[in-house]
There are 2 protein chains.
Amino acid sequence: MTIRIVIADDHAVVRQGLKMFLLDDPEFVVVGEAQNGAEALKLAHELNPDVILMDLLMPVMDGITAIGRVRRECPDTEVIALTSVLEDASVVGAVRAGAIGYLLKDTQADELIRSIKAAANGQVQLSPQAAARLVREVRAPESPESLTEREIDVLRLLAQGKANKEIAQALVIGENTVKTHVSSILLKLGVQSRTQAALYARQIGLGPVD
Amino acid sequence: MTIRIVIADDHAVVRQGLKMFLLDDPEFVVVGEAQNGAEALKLAHELNPDVILMDLLMPVMDGITAIGRVRRECPDTEVIALTSVLEDASVVGAVRAGAIGYLLKDTQADELIRSIKAAANGQVQLSPQAAARLVREVRAPESPESLTEREIDVLRLLAQGKANKEIAQALVIGENTVKTHVSSILLKLGVQSRTQAALYARQIGLGPVD
DNA sequence: TGCGATCTCCGCCAAAGGGAGGAGGAAGGT
DNA sequence: ACCTTCCTCCTCCCTTTGGCGGAGATCGCA
């Protein structure tokens, strides 16, 4: 039984390196490569792969957004976040978005292979460091759980320093609607300004993955 | 004539991918691999390679520091910064430290090969994006060093989400004065809003004790 | 002495942000 | 069918932000 894999990373070098690693095991077939989150989502629909190895820092559509959509739209596809930086923010964000694994790019080939096989069977795979971050987060939950999906969309853009008008354009809704969402966010987070909301969002892992 | 290369990157995947790329051209020989800047410096001394491909984000000793030391201690070795993120700060830092090139990891194999050959001959190689950042920097230096002491005071409070009125009270100055400082900060940092300034400040380590 | 940078403050004004409240529609659970 | 939540958009109104020009005071340096 083969495991069909899609690699999503904007760097050709990384894609090449991953393919080399995966060639070691005949069980793996790389069925597609994506250079950004949007392409990854498209390939997920077309190819319905078993596993997507997803970088988090990508243009057009970032990895976390892509993970969320893949999980919602292609529930049979498991996603492993594969990133170079270990940051509390992205670990929590990726897992919350539905990633079954979070691995660092300095993972050794054999460990990577084991993790992909486990993920294909629905088993959670976290690097030890990532697991530690997650535990710390769960123990002191400061999640914007009460925020709705749309509010989180708005907050994510707000945390990039975007103005209401820009957020409206990005989400293809009216500026008034954005203001409504922002008001709700400020109320729910208990902060007094968008700047405070942005800082809070960064702290808990929303915003651009960096 | 062969070009002797050292690869410095903390991620095994990336090193593997780069080696695959370089195998395409018989002129290249990868004589060593380093997992951090300190190792790269050690290898530079021992092997005296023609070119080092240096990641900037590495543990133990970061790439920019390593570039500076390699250039000072092994002047025959040229260094190409090869990084995943395009950030004004690192472009300027790497070039200032003595990098002869600054390439992104999403560079295509053939372009990478051409760049390494050029670098071995002492020719500058910058990705178009990196070149643009450099030009912008030279034209309008936007380092936080250009901020005055008082402006940094204001920025620090701003990065805590404080409003102009609160900043004024904290610094015991008038609100109008705060507005003047904020305007200068926005201008110097090249950002469009206080929220962006706050995020930038956090990124460079300003803000509350952290 | 003059020059330049910095810090302080002022007023004016346009734009953006944010509070309060209402309202329609879609989706899902009872 | 009903209720709730959410998303969407609206109006009215006020505050905050930020751009612009101007200005006096201090300090240090050429």
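Residue numbering restarts at 1 for every chain, and letters A, B, ... go by the order of the sequence lines. We use all heavy atoms of the structure for the numbers below, so side chains are in, but hydrogens, waters and symmetry mates are not.
For the pair B:I167 CD1 and C:dT8 P, the computed distance is 13 Å after rounding to whole Å. Whole-Å rounding puts the B:L171 CG to C:dT6 C1' distance at 15 Å. The distance between atom CG of A:L189 and atom C1' of C:dG18, rounded to the nearest whole Å, is 15 Å. In this structure, the CD atom of B:Q192 is 17 Å from the C1' atom of C:dA14, given to the nearest Å. One interatomic measurement links the two molecules: CG of A:L187 to P of C:dG21, which rounds to 12 Å at whole-angstrom precision. One can place CZ of B:R194 at 11 Å from C1' of C:dG17, the figure rounded to the nearest angstrom. Atom pair A:I185:CD1 and C:dG17:P shows a separation of 13 Å (rounding to whole Å applied).
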Original post:
Does the pair A:F21 and A:I113 meet the rule for a side-chain contact (heavy atoms from CB on, under 4.5 Å), with working shown?
Top reply: CA-CA 8 Å; A:F21 277 1; A:I113 288 172; 5.8 Å; no

Protein-nucleotides 24-30 of chain C N/O pairs closer than 3.5 Å?
none

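Inter-residue side-chain proximity for A:L199 and B:L199 is flagged as met; some heavy-atom pair is nearer than 4.5 Å. At a threshold of 4.5 Å between non-hydrogen side-chain atoms, the residues A:L22 and A:I116 count as touching. Counting heavy atoms from C-beta on, the side chains of B:V70 and B:L41 come closer than 4.5 Å.
Residues satisfying the side-chain hydrogen bond (donor to acceptor under 3.5 Å, both in side chains) criterion with B:D50, sequence neighbours excluded, are absent altogether. Residues forming a side-chain hydrogen bond (donor to acceptor under 3.5 Å, both in side chains) with A:E39 (at least two apart in sequence, or on another chain): none. Residues passing the salt bridge (Lys or Arg N to Asp or Glu O under 4.0 Å) test with A:K188 are A:E151, sequence neighbours excluded. Evaluation of the salt bridge (Lys or Arg N to Asp or Glu O under 4.0 Å) rule for A:K42 yields A:E46 as partners, not counting sequence neighbours. Not a single salt bridge (Lys or Arg N to Asp or Glu O under 4.0 Å) links A:R4 to another residue, sequence neighbours left out.
For the salt bridge (Lys or Arg N to Asp or Glu O under 4.0 Å) condition, the pairs that include at least one residue of residues 22-37 of chain A, sequence neighbours left out, are A:R15-A:E33, A:K19-A:E33, A:D25-A:K117, A:E27-A:K117.
End-to-end axis angle for the helix from C:dT1-D:dA30 to C:dT30-D:dA1, using five pairs per end and rounding to 10°, comes out at 40°.
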Indicate every side-chain donor-acceptor pair of residues 167-185 of chain B with a distance under 3.5 Å to a residue at least two apart or in another chain.
from	atom 1	to	atom 2	distance (Å)
B:T180	OG1	B:N176	O	3.1
B:S183	OG	B:K179	O	3.1
B:S184	OG	B:T180	O	3.1

Atom pairs and distances, donor-acceptor, side-chain atoms in residues 190-198 of chain B, under 3.5 Å, two or more places apart:
from	atom 1	to	atom 2	distance (Å)
B:S193	OG	B:Q196	N	3.3
B:R194	NH1	B:N164	OD1	3.2
B:R194	NH2	B:K162	O	3.1
B:R194	NH2	B:N164	OD1	3.2
B:T195	OG1	A:T195	OG1	2.9
B:Q196	OE1	B:Q192	N	3.0
B:Q196	NE2	A:G161	O	3.0

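Heavy-atom distances under 4.0 Å link DNA chain C to B:I173, B:G174, B:N176, B:T177, B:T180, B:H181 of residues 172-183 of chain B, given in residue order.
You can see that DNA chain D meets the heavy atoms of chain B within a 4.0 Å-exclusive cut from D:dT16 to D:dG19, reading 5' to 3'.
B:S115 and B:I80 get closest at one heavy-atom pair: O-CD1, 4.0 Å.
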